[in-house]
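Report on the structure given below.
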Amino acid sequence: MYYYGNSPLFFVPSYPDEEIRHTKDEGKLDHKEKALFPVDEALEKGNAFRDEYKGYKNYVPVKLTAKKEQDILMLNIQAFTSAAHDLELYLDIYPGDKRLLDKFMEYAKKANELIEEYQQKFETLTPSKAKDKNGTFSYVLTPSVWLKLN
Amino acid sequence: MYTYQKRMPYPIDIKKKDVRLAKYILTQYGGPYGELGAALRYLNQRFTMPDERGRTLLTSIGTEEYSHVEMICTMLYQLTRGATLREFEEGGLGGHFATHGAEIFMTDSNGQDFSVTGIGATGDFIADLSEDMAAEEKARATYEHLIDLSRDEDVIEPLLFLRQREIVHYNRFKQMLEVYKKEFNR
């Protein structure tokens, strides 16, 4: 997964189709179809794949909620980007899994749209989107992540 | 190349100062099974993977590990924010304060500076991916120790998230290893 700061696309597939190594098993996946958590639950659990989630003792991951519109939008960004990232790691190994690739593209598209929306409504997350209405370089107005609470 | 977004992968909002807990969590910054070592391990090993799948997987996971370094540092910052010299001493970080003041530094919980000697780089993709699986398990075990040592939900929640990521990475490395073993007849 690469992030292009100067492009409206934050998520693009890691490498183009023609570079995918073609094996003799092409088209026959040697793994079961992966069942996914909904993206919000995947963020809470830290894992997009239902069959791989392993909890610790009796701890139950907290339901992530927010009151302010900005914080709700950030949670949605975190949910879709995390889910897209998880699918990307899987597709790195099995680039021929068309069903997961479609799902990845859906998540990545949604993540990109949400990041755009967040930057338009609230604050810039990247320097390339940092010229505000007053002509100020607004990237320095966005608090660093350790100061930003949500 | 790298670009950066000013946002967290998972929300962290620690309201209660706790220097002693920060001392324990330090190990996941500069300790032997910490996030910094993980990032360096994978981003270093990727050059000798046999094809683009392994190279890409190690790049992607190594990059994610850097975001985890930032999560750990954020937790350390918030746990020690506004702490007095007295609180640093009582929390067991008097020695840290003597050298680094209130600044975060890459050591383990006992003040041992970060070392790369535990990072495997064999030039053999089977050996390296096997080491990566072990590294993820050691990090998972460390997170479980830290969760056991924590009482604050604001700390436990991101620790549970980070622990789960180790499980995900272990599974990916295992799958990559199995695919390569089969295809390269190793």
Side-chain angles (χ1 to χ4, degrees), chain A residues 1-6 10 14-15 19-21 23-25 30-31 43-49 52-57 59-62 64 66 71 74-75 77-78 81-82 85-86 88-90 92-95 115 118 123-128 139 142-150, chain B residues 1-15 50-61 63-64 67 70-71 73-78 81 104 140 143-144 147-148 153 156-173 175-176 178-179 182-183:
Chain A
M1 175 68 55
Y2 299 113
Y3 300 86
Y4 287 106
N6 295 321
F10 291 95
S14 291
Y15 46 94
E19 285 182 27
I20 293 173
R21 181 187 161 96
T23 70
K24 53 182 181 248
D25 292 332
D30 59 354
H31 57 280
L43 175 66
E44 286 154 12
K45 289 191 155 72
N47 195 334
F49 301 112
E52 292 185 11
Y53 175 73
K54 278 188 196 163
Y56 181 54
K57 293 184 176 172
Y59 288 99
V60 179
V62 69
L64 294 169
D71 297 339
M74 181 50 77
L75 277 178
I77 290 171
Q78 288 164 330
T81 52
S82 292
H85 173 71
D86 244 355
E88 192 248 328
L89 297 184
Y90 197 85
D92 287 346
I93 306 163
Y94 303 109
I115 291 169
Y118 184 93
E123 60 190 3
T124 180
L125 300 171
T126 58
S128 62
Y139 191 46
T142 305
S144 290
V145 292
W146 51 94
L147 303 171
K148 190 155 42 181
L149 309 176
N150 81 324
Chain B
M1 73 162 250
Y2 277 87
T3 62
Y4 182 79
Q5 292 178 19
K6 276 194 188 184
R7 63 178 183 85
M8 277 279 160
Y10 180 95
I12 300 179
D13 180 6
I14 302 169
K15 297 158 207 87
D51 69 14
E52 200 53 39
R53 289 171 301 176
R55 289 192 286 270
T56 307
L57 182 69
L58 283 171
T59 303
S60 301
I61 295 182
T63 302
E64 182 188 344
S67 77
E70 191 169 71
M71 283 180 72
C73 290
T74 294
M75 294 172 81
L76 295 171
Y77 172 83
Q78 294 182 1
R81 181 171 35 191
I104 296 165
R140 175 194 54 74
Y143 277 119
E144 291 176 3
I147 292 163
D148 290 345
E153 280 184 10
I156 291 171
E157 286 155 15
L159 290 177
L160 285 170
F161 174 86
L162 289 166
R163 170 190 170 272
Q164 191 67 213
R165 298 309 300 159
E166 311 298 342
I167 292 167
V168 172
H169 296 166
Y170 173 86
N171 287 333
R172 297 293 85 77
F173 287 134
Q175 285 171 325
M176 191 77 264
E178 281 165 2
V179 166
K182 195 171 154 199
E183 289 180 11

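Here is the naming used below: chain letters follow the sequence lines, and residue numbers restart at 1 for every chain.
- With A/Gln78 contributing its side chain and B/Met8 its backbone, the two residues share a donor-acceptor pair below 3.5 Å.
- Looking at B/Ile167, the atoms closer than 4.5 Å to chain A (heavy atoms on both sides) all sit in the side chain, from C-beta outward.
- Scanning for side-chain hydrogen bond (donor to acceptor under 3.5 Å, both in side chains) contacts around A/Tyr118 gives A/Gln70, A/Glu123, with sequence neighbours left out.
- When each of B/His169, B/Glu144, B/Met176 is scored by its heavy-atom pairs under 4.5 Å with chain A, the top score falls to B/Glu144.
- Within a 6.0 Å radius of CD in B/Glu178, other residues, nucleotides and ligands contribute more than 12 heavy atoms.
- To the nearest 0.5 Å, the span separating CG on B/Asp148 from OH on A/Tyr56 amounts to 3.5 Å.
- Expressed to the nearest 0.5 Å, how far CG of B/Asp13 lies from CG of A/Asp71 amounts to 9.5 Å.
- Note on B/Arg165, B/Lys6, B/Glu70, B/Glu64: by heavy-atom pairs under 4.5 Å with chain A, the leading option is B/Lys6.
- A salt bridge does not link A/Asp92 to B/Arg55: none of the charged side-chain nitrogens sits closer than 4.0 Å to a carboxylate oxygen.
- Between A/Leu89 and B/Ser60, the shortest heavy-atom distance links the atoms CD2-CB, 3.5 Å.
- The backbone N or O of A/Trp146 sits less than 3.5 Å from a side-chain atom of B/Gln78, completing a donor-acceptor pair.
- Taking CG of A/Asp86 as the reference point, atom CZ of B/Arg172 lies at 7.0 Å (rounded to 0.5 Å).
- Your options are A/Ala48, A/Gly55, A/Pro127, and the one with the most heavy-atom pairs under 4.5 Å with chain B is A/Gly55.
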Q) How far apart are the C-alpha atoms of A/Leu147 and B/Tyr77, what are their side-chain angles, what is the distance that settles it, and do they pass the side chain to side chain contact (heavy atoms under 4.5 Å, CB included) test? A) CA-CA 9 Å; A/Leu147 303 171; B/Tyr77 172 83; 3.3 Å; yes

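- Rounding to the nearest 0.5 Å places NZ of A/Lys45 at 9.0 Å from CD of B/Gln164.
- The structure places CZ of B/Arg53 at 9.0 Å from CD1 of A/Ile93, a figure rounded to the nearest 0.5 Å.
- Checking A/Thr142, A/Ile115, A/Val145, A/Thr124 one by one against B/Gln5, the side chain to side chain contact (heavy atoms under 4.5 Å, CB included) holds for a single residue, A/Ile115.
- For B/Ile147, the parts sitting under 4.5 Å from any heavy atom of chain A are the backbone and the side chain alike.
- Residues B/Pro9 and A/Leu43 come closest through the heavy atom pair O-CD1, 3.4 Å.
- For the atom pair B/Glu157 CD and A/Tyr59 OH, the distance stands at 11.0 Å (nearest 0.5 Å).
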